[in-house]
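Order of the sequence lines sets the chain letters (A, B, ...), proteins ahead of strands, with each chain counted from 1.
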2 protein chains.
Amino acid sequence: MPIGSGRKGAVSGTSPRRGALDFERPLVLVDVVVFAVRDDRLEVLLVRRPADSNDPYPGAWALPGGFVDVGRDADLSACAARKLRDKTGIDPPYLEQVGSFGGRDRDPRGWSVTTVYFVLLSAQSIVGGLSDDASWAPVDREGVARALAFDHAVLLAAAVRRLRAKVEYTSLPAFLLPAEFTLSDLQHAYEIVLDRPLEKSAFRTRILSTTLVEPVPKRREGANRPAQLYRLRDPGELVYFPRTFNPPRD
Amino acid sequence: MPIGSGRKGAVSGTSPRRGALDFERPLVLVDVVVFAVRDDRLEVLLVRRPADSNDPYPGAWALPGGFVDVGRDADLSACAARKLRDKTGIDPPYLEQVGSFGGRDRDPRGWSVTTVYFVLLSAQSIVGGLSDDASWAPVDREGVARALAFDHAVLLAAAVRRLRAKVEYTSLPAFLLPAEFTLSDLQHAYEIVLDRPLEKSAFRTRILSTTLVEPVPKRREGANRPAQLYRLRDPGELVYFPRTFNPPRD
DNA sequence: TGAATAGTGTCTTTCAGACAGTATTGG
DNA sequence: CCAATACTGTCTGAAAGACACTATTCA
């Protein structure tokens with residue numbers, strides 16, 4: 001078959017019924033994986049689905065998210081930011097799209113597509129307490145201990161894998177810290193996300209060889225030698241390192 | 001505001017109208033960026049939109065793609081594979097999701113979400129000619145010379161960036177080659193995608209230090225020294241290298 | 001023999017890993 | 001002084017960059 005001789009008009013924008021738009025549309029959702037470091041652990045925000053509704057999975061834990069509102073959301077990331085604002089009251093400092101999951105069977109209400117984002121919060125930005133229908137759950141391996149609604153365990157696993165992979169060669173963990181931090185703080189954030197220790201000397205050399213941070217004329221005092229405080233030179237910008245941290249073990 | 005006290009039911013699966021599904025749904029599409037190396041260039045497959053329809057962008061060039069068919073497509077990647085089969089008659093050897101683009105303004109027919117995939121084809125797999133409504137266009141920088149319908153230039157740029165970035169540390173270009181190839185062929189594919197020369201010795205060392213390829217007991221004859229032929233040890237599997245090819249220039 | 005491409009060897013550079021060492025605070 | 005954490009220096013090894021060198025075919 002010659003290329004281009006598709007048997008159905010498969011050109012983008014051509015519908016199953018040519019020119020018409022009266023075919024069934026999938027449900028469109030956005031789900032957000034909110035990461036934070038709490039108690040020296042990587043944790044993720046979960047919300048409980050209403051127990052008394054006729055929605056699926058009543059009372060189950062799920063990722064925050066929901067349907068795109070075509071009236072309110074200008075685009076997908078605005079929808080994700082809205083979901084996050086509604087749940088936590090804060091504007092996302094770092095929002096990254098992980099990917100989309102769509103199919104016939106992932107939601108009993110019909111063919112659905114969800115686009116998953118992840119967000120990194122510093123512990124300082126989440127001073128408020130949790131209401132009853134939300135809770136933090138520690139990340140264990142690629143997920144959480146409790147069962148999740150829909151295919152949210154799959155979505156969460158994808159987000160965790162993306163986070164861990166990207167932490168190997170980017171400055172992502174900086175978004176888990178307050179505006180001013182020490183290099184030890186930063187190394188600690190890396191170690192929590194990667195769940196393995198890093199070598200101090202190499203870590204410092206590597207961070208300081210980039211333009212990621214700049215010192216602020218302050219030091220953190222304590223029961224030991226004070227530490228230099230740093231801030232991001234370009235807040236909100238991600239820095240890429242030329243190599244991963246530990247070359248994969250053989 | 002305490003976390004979790006969202007003012008609207010923002011739990012996943014909760015609609016703008018609680019429990020009901022009678023709100024407006026976005027259009028859901030899939031678009032596919034088909035890459036191949038032709039004439040020592042990286043090229044991408046474009047299709048022409050019908051000129052005589054009342055669809056938007058009549059007669060314009062676009063990425064192959066279109067609406068999800070909830071009756072036929074089990075999931076998003078099946079939809080992408082179907083679009084590709086319809087257009088080229090071949091099953092995708094390597095299909096990767098690039099990301100989703102959704103918003104109010106990207107399609108005049110309404111709020112739409114498209115999920116973009118890219119595919120790598122070997123020149124050998126596309127022996128058939130092109131029909132009038134399809135053509136290959138060389139990739140220049142992050143796009144093609146001709147104007148594209150919708151926001152397809154943005155989608156294409158995202159796919160090109162993803163491809164180039166991932167080629168730095170994976171075996172992706174192997175999918176642009178036939179089943180049996182020489183190391184020079186492979187290096188050539190890398191150089192075409194990355195648009196820069198690679199050093200032969202380092203390239204060979206690197207490839208042969210992995211389990212990516214295994215020699216086949218054949219050699220390619222020519223007007224010079226014959227070259228050892230190799231094949232993928234695990235066809236369809238992507239191999240990750242511990243480092244990028246040339247550490248980014250400073 | 002020479003052109004052309006295949007393939008190897010060798011030196012250098014870069015940077016992470018390991019780890020020991022020094023520095024600076026409070027108690 | 002000691003404990004504790006911050007920070008630096010030094011050696012090593014792995015892998016890329018540069019580049020010259022050898023190898024094998026056809027014409």
Intermediate values then yes/no, side-chain contact (heavy atoms from CB on, under 4.5 Å), L120(B) and L172(B): CA-CA 8 Å; L120(B) 301 180; L172(B) 267 183; 3.6 Å; yes

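Within 4.0 Å (heavy atoms only), R219(B) reaches sugar-phosphate atoms of the nucleic acid but no base atom.
Atoms CD (Q187(A)) and P (dA16(C)) sit 13 Å apart, rounded to a whole Å. Atom CZ in R196(B) sits about 13 Å away from atom P in dA16(D), given to the nearest Å. Atom-to-atom, CZ of F241(A) to P of dA16(C) comes out at 10 Å; the value is rounded to the nearest Å. The interatomic distance linking R206(B) (CZ) with dG17(D) (C1') rounds to 13 Å, in whole Å.
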Please tabulate, one pair per line, all N/O donor-acceptor pairs under 3.5 Å involving side-chain atoms of residues 141-148 of chain B, not counting sequence neighbours.
from	atom 1	to	atom 2	distance (Å)
E142(B)	OE1	R161(B)	NH1	2.9
R146(B)	NH1	S135(B)	OG	2.8
R146(B)	NH2	S135(B)	OG	3.2

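Counting only N and O atoms by type, the side chains of Q228(B) and Y230(B) include no donor and acceptor under 3.5 Å apart.
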Listed pairs, N/O of protein and of nucleotides 3-8 of chain C, under 3.5 Å:
from	atom 1	to	atom 2	distance (Å)
dT5(C)	O4'	N224(B)	ND2	3.0
dA6(C)	OP1	S184(B)	OG	3.1
dA6(C)	OP2	S184(B)	OG	2.9
dA6(C)	N3	R225(B)	NH1	2.9
dG7(C)	OP1	Q228(B)	N	2.8
dG7(C)	OP2	R204(B)	NH1	3.4
dG7(C)	OP2	R204(B)	NH2	3.1
dG7(C)	O5'	R204(B)	NH2	2.9
dG7(C)	N7	K200(B)	NZ	2.6
dG7(C)	O6	K200(B)	NZ	3.0

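By the ring pair (Phe, Tyr, Trp, His ring centres under 6.0 Å) test, Y117(B) pairs with no residue at all, sequence neighbours left out.
Salt bridge R220(A)/D185(A): present, at least one basic N to carboxylate O contact under 4.0 Å.
Within the 4.5 Å cutoff, the side chain of D133(B) has no heavy atoms near those of the V47(B) side chain.
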